[in-house]
Number of protein chains: 2
Amino acid sequence: MADGPGSQGHGGELLLYLTDEQLRQGIEAMFFAYRAFTADPDRILQGLHYGRAHHRAIHFINIAPGTTVNNLLSILGVTKQSLNRVLRTLIEDGLVESRVGRADKRERHLFLTEAGAALEHQLSEAQRARMRAAYRQAGPEAVAGFRRVLEAMMDPEMRRHYSGLREARG
Amino acid sequence: MADGPGSQGHGGELLLYLTDEQLRQGIEAMFFAYRAFTADPDRILQGLHYGRAHHRAIHFINIAPGTTVNNLLSILGVTKQSLNRVLRTLIEDGLVESRVGRADKRERHLFLTEAGAALEHQLSEAQRARMRAAYRQAGPEAVAGFRRVLEAMMDPEMRRHYSGLREARG
DNA sequence: AGTTTAAGTCAGCCTTGTTGACATTCCAAT
DNA sequence: ATTGGAATGTCAACAAGGCTGACTTAAACT
């Protein structure tokens, strides 16, 4: 075992929480928590011939109704071919509506239909329920720390798309 | 907009952090942070004809050297066919060693070779670097909260496999 | 008029998950 | 000793959802 900095004593909080072992536990916590976090929606989607990709599209169209395909592309970080495959089935099934842009007719603006909004709510409620339970169990201060670490972990590029910073911190 | 509990004012911390909007931001933070969290190892693995599945196998073999295939299966939550495909290439490439069990010769015990340990270190160091930076930026109290929320979010089933609780909290 | 941009489409490939069927090896119990 | 069950491995087929490359259409910009 390599003896990293801060491995002795327990008073040096500033160093202790940065040992490799602490970091490894954080990494593992992310792995198991994210797995649980996606399990509930996955369960709902399976059998509907939808997957996680459909969930992501629905989620961001719900947050930013009228978003263009290009914008969605940059948020999701996938190719247009990948997104298109997903979007096509959602439009065919009447969960998403694609409207030609008024100012720029090349653009398509995306909206959830009533059925789409209903599925969105079902999916997000499953996730909210788990998050709500975790928040209650951990308490408000833990939640603030949770958010702060996650935000610090994001790429600056991705942080642009993240609505948490813009709104609730104004 | 439905007006949930605690949606007015800003003093009611006890309720405010459980509004649907706060929960939604937590959900989104998980999405973007996890994306960033896996981006670095993914970048290393691409081109090596390895993927995230190889990373996961290597990670858990490193944590629990000598683990059996069945045990790994239950941690990773995939089918043996899926895992076997990944394991086979890792063994062929000399990153993982499979030793027949002494007590029970049906079992195979898995170990990282030197080359496997080297790749593991490279991958985990990339993740540790990001986590270290996020921890430094957020501070020790935030880290404790981060861990507490993630642990509360896990399924009890998964929590059994999570080493953070057993060791550091004795 | 020519170029660029937004969107969509077709074809093909890869990784990683799934089922189902089946072989092998070994332990344990009858 | 034979049989049943457990652990492992393997083959085949399939699906989701990423990817690249090539190409079209329509609209906008210059």
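Since the model is a prediction, treat every value here as computed from it, not as a measurement. In what follows, every chain begins at residue 1, and chains take the letters A, B, ... in the order their sequences are listed.
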| Short N-O contact, A:Glu21 and A:Arg24, less than 4.0 angstrom | yes
| Between atom CD1 in B:Ile91 and atom C1' in D:dT10, what is the gap in whole Å? | 13 Å
| said: Determine whether a donor-acceptor pair (one donor, one acceptor, N or O, separation below 3.5 Å) exists between the side chain of B:Arg85 and the base of D:dG9. | reply: no
| query | So, A:Asp20 and B:Arg132, do they make that salt bridge, N to O below 4.0 Å? | reply | yes
| side-chain N/O B:Arg108 vs C:dT25 OP1/OP2, d < 4.0 Å | no
| What heavy-atom pair brings A:Leu72 and A:Thr67 nearest, and what distance separates the two atoms? | N-OG1, 4.1 Å
| Phosphate contact (C:dT5 OP1 or OP2) by A:Asn70 side-chain N/O below 4.0 Å | no
| query | With a 4.0 Å cut-off, would you call B:Arg99 and B:Glu97 a salt bridge? | reply | yes
| Within the modelled atom types, does a donor on one side and an acceptor on the other bring the side chain of B:Lys80 and the base of D:dT8 under 3.5 Å apart? | yes
| request: Using atom NZ of A:Lys105 as one end and atom P of C:dT4 as the other, report the distance to the nearest whole Å. | output: 24 Å
| note | The nucleotide from C:dG17, D:dG18, C:dA6 with an atom nearest the side chain of B:Val78 is C:dG17
| Lys/Arg N to Asp/Glu carboxylate O, B:Arg147 vs B:Glu151, below 4.0 Å | yes
| query | Which whole-number value in Å describes the distance from A:Glu107 CD to D:dC29 P? | reply | 10 Å
| Could you state the CG-C1' distance from B:Leu87 to D:dT8, rounded to the nearest angstrom? | 11 Å
| note | Closest of C:dT9, D:dT20, C:dT18 to the B:Ser82 side chain is C:dT18
| Atom-pair distance (CG on B:Leu76; P on C:dT16), nearest Å | 12 Å
| task | Using atom CD of B:Gln46 as one end and atom C1' of C:dT16 as the other, report the distance to the nearest whole Å. | result | 16 Å
| remark: Of D:dT8, D:dT10, C:dC27, the nucleotide closest to the side chain of B:Arg88 is D:dT10
| request: Answer yes or no: side-chain N or O of A:Arg106 and base N or O of C:dT5 forming a donor-acceptor pair under 3.5 Å. | output: yes
| message | I'd like to know if A:Asp155 and B:Arg130 make a salt bridge, using a cut-off of under 4.0 Å between side-chain N and carboxylate O. | response | yes
| request: Answer with base, sugar-phosphate or nothing: what part of the nucleic acid does A:Ala103 contact at a heavy-atom distance below 4.0 Å? | output: sugar-phosphate
| query | A:Leu72 has an atom CG; how far is it from atom C1' of C:dA6, in whole Å? | reply | 14 Å
| message | Does D:dC19 have its OP1 or OP2 closer than 4.0 Å to a side-chain nitrogen or oxygen of A:Thr79? | response | yes
| 5'-most by nearest nucleotide on DNA chain D - B:Leu73 or A:Gln81 | B:Leu73
| B:Asn84 side chain N/O closer than 4.0 Å to the phosphate oxygens (OP1, OP2) of D:dT8? | no
| query | Expressed in angstrom and rounded to an integer, what is the separation of A:His109 atom NE2 from D:dA27 atom C1'? | reply | 13 Å
| With a non-hydrogen cut-off below 4.0 angstrom, is B:His54 in contact with a base, only sugar-phosphate, or nothing? | sugar-phosphate
